[in-house]
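A note on names: the letters A, B, ... follow the listed sequences, proteins ahead of strands, and every chain is numbered from 1.
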2 protein chains.
Amino acid sequence: MTEDELPPRRARKLATRQALLDGALRLLEQQSLTSLGLREVTREAGIAPAAFYRHFGDLGELGVALVEESFGSLRALIRDIRTPEADTEDVIRRSVDLVAAHVRAHRAHFCFLARERYGGVASVRAAIAGELDSFVRELADDLAAQPESEGWSAPELSVLARLYVNVLMLTAASMIEAGPDDPAAEQSILTEALMQLRMITVGRRYWTENR
Amino acid sequence: MTEDELPPRRARKLATRQALLDGALRLLEQQSLTSLGLREVTREAGIAPAAFYRHFGDLGELGVALVEESFGSLRALIRDIRTPEADTEDVIRRSVDLVAAHVRAHRAHFCFLARERYGGVASVRAAIAGELDSFVRELADDLAAQPESEGWSAPELSVLARLYVNVLMLTAASMIEAGPDDPAAEQSILTEALMQLRMITVGRRYWTENR
DNA sequence: GAGAAGAGCAAACAGTCGTTCACCGAGTGA
DNA sequence: TCACTCGGTGAACGACTGTTTGCTCTTCTC
């Protein structure tokens with residue numbers, strides 16, 4: 001096994017930086033980024049207020065860092081969803097299951113993304129939009145590689161991909177809003193998402209002959 | 001023509017209440033409800049901080065009132081969209097146009113709704129969700145009355161209606177994010193929304209034979 | 001026209017806020 | 001080993017916060 005691989009100096013700095021991110025994320029489950037206080041965050045992280053400036057110049061910077069962290073864990077989910085060959089129904093079903101599992105495992109991250117996607121900090125909104133765009137592009141590429149996409153133009157595939165992504169993001173947001181302790185509500189949200197994805201996919205199948 | 005119809009006492013009270021709502025809405029274009037300050041709002045409305053309590057016990061109460069006001073203007077839009085008989089393509093096109101016009105006319109209201117739909121104040125989130133639910137129910141009823149809905153169950157119609165509503169709400173949110181002075185971006189958002197609605201509608205047409 | 005009601009005000013309350021500053025002490029690199 | 005870098009500290013700053021209190025002055029009610 002390898003050693004820590006990091007000089008203790010940098011390691012400690014990264015650790016308290018992470019403490020700041022974790023503390024902020026915890027607080028952001030109940031409020032929005034614009035209402036977050038610098039002292040509040042440092043209190044939650046267990047450091048002095050002034051130490052904040054050693055890591056971020058601004059609470060907005062911390063917000064952007066949180067976006068990167070959130071999408072970092074999302075990328076694993078995306079990689080799991082992207083399986084080139086499989087029955088369409090299976091892909092849909094597995095996508096919904098994976099999103100559900102991921103929301104359960106990273107509730108705070110999704111809560112943050114849902115809240116700040118149209119929140120009050122422009123730089124954070126832009127960061128989220130950019131990450132979602134690259135997600136949409138990846139999905140559009142995957143869709144393009146499938147035989148069902150014969151006769152589809154690139155813009156059409158992009159629009160379809162965004163529709164899929166939006167449904168999944170709204171599903172995640174609904175799960176967050178339902179709370180973690182309501183399996184019945186969660187189940188109905190997931191079956192609804194399943195049906196919406198199926199409807200869209202039926203539309204996709206007959207699109208070229210009805211466009 | 002009729003007189004003011006209102007005792008001057010109540011009229012004045014309603015006027016300053018409206019000034020509070022207007023001022024808050026103006027501030028909420030750049031921040032979120034949880035970060036809104038009571039003094040900030042009263043300053044914007046031109047009254048003393050203490051006078052706030054004559055109208056609302058709480059900033060959350062003001063938020064709920066803003067939800068009602070926002071959906072009040074939305075209801076006019078919904079009534080316009082609901083036209084029993086028309087070609088499906090026409091309905092889609094007209095819906096997108098109406099949403100676009102309504103966003104342009106009531107930008108601040110949509111900005112508020114997009115931001116607080118998953119924002120930090122639970123009572124406001126609940127109020128928005130409730131209004132959206134009743135919107136979904138109305139649309140589902142309209143859809144049920146159409147001949148294309150033969151063979152559809154009530155839950156299926158509800159799911160479809162929610163999908164339509166979500167697309168329209170996300171379209172509005174995208175328009176807000178693009179800003180009022182970018183006609184090119186606005187046009188591409190609207191054509192994307194149009195295509196998404198068409199794809200869903202194709203799915204609807206072939207749903208019963210592919211479900 | 002007298003008295004009650006109530007919308008709005010200024011002032012004061014104890015807190016909290018973001019930011020700056022000099023300073024400490026442990027890790028770093030020669 | 002010695003100078004140095006630098007993450008973290010505690011104190012202090014003025015500004016701003018939500019809420020309460022007692023008070024005006026207009027409007028309503030009888």
A.B. asks: Tell me whether the side-chain N or O atoms of A:Arg54 pair up with the base of D:dC6 as donor and acceptor below 3.5 Å, since no angle test is needed here.
C.D. replies: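 Result: no qualifying N/O pair found.
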A.B. asks: Take the protein atom CZ of A:Phe52 and the nucleotide atom P of C:dT20, then report the distance between them rounded to whole Å.
C.D. replies: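 Result: 13 Å.
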A.B. asks: Working to the nearest 0.5 Å, report the span between CZ of A:Arg115 and CZ of B:Arg125.
C.D. replies: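 So the gap between those two atoms works out to 5.5 Å.
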A.B. asks: In whole angstrom, what separates A:Leu14's CG from C:dG27's P?
C.D. replies: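 Those two atoms, CG and P, are 16 Å apart.
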A.B. asks: To the nearest angstrom, how far is B:Tyr53 atom OH from D:dG22 atom P?
C.D. replies: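 After rounding, the gap between these two atoms is 17 Å.
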A.B. asks: Of the nucleotides D:dA12, D:dT9, D:dC6, which one has an atom closest to the side chain of A:Arg39?
C.D. replies: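 It is D:dA12.
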A.B. asks: Could you tell me how the ring of B:Phe110 sits relative to the ring of B:His102: parallel (under 30°), tilted (30 to 60°) or perpendicular (over 60°)?
C.D. replies: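 If you compare the ring of B:Phe110 with that of B:His102, the planes turn out perpendicular.
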A.B. asks: Which of the following nucleotides, D:dC28, C:dG8, D:dT19, is nearest to the side chain of B:Pro8?
C.D. replies: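 The answer is D:dC28.
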A.B. asks: Atom CG in B:Leu168, atom CG in B:Leu163: separation rounded to 0.5 Å?
C.D. replies: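 B:Leu168 CG to B:Leu163 CG: 10.0 Å, rounded to 0.5 Å.
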A.B. asks: Measure CD1/A:Ile47 against P/C:dT19 and give the value in whole Å, please.
C.D. replies: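 One finds 14 Å between P of C:dT19 and CD1 of A:Ile47, rounded.
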A.B. asks: Nearest whole Å is fine: how far is D:dG7 P from A:Lys13 NZ?
C.D. replies: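 The answer, rounded to whole Å, is 4 Å.
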A.B. asks: Using a 4.0 Å heavy-atom cut-off across all strands, classify B:Arg17 as base, sugar-phosphate, or nothing.
C.D. replies: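 It contacts nothing in the nucleic acid.
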A.B. asks: Between C1' on C:dG8 and CZ on B:Arg12, what's the gap in Å once rounded to a whole number?
C.D. replies: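 In whole Å, C:dG8 C1' lies 11 Å from B:Arg12 CZ.
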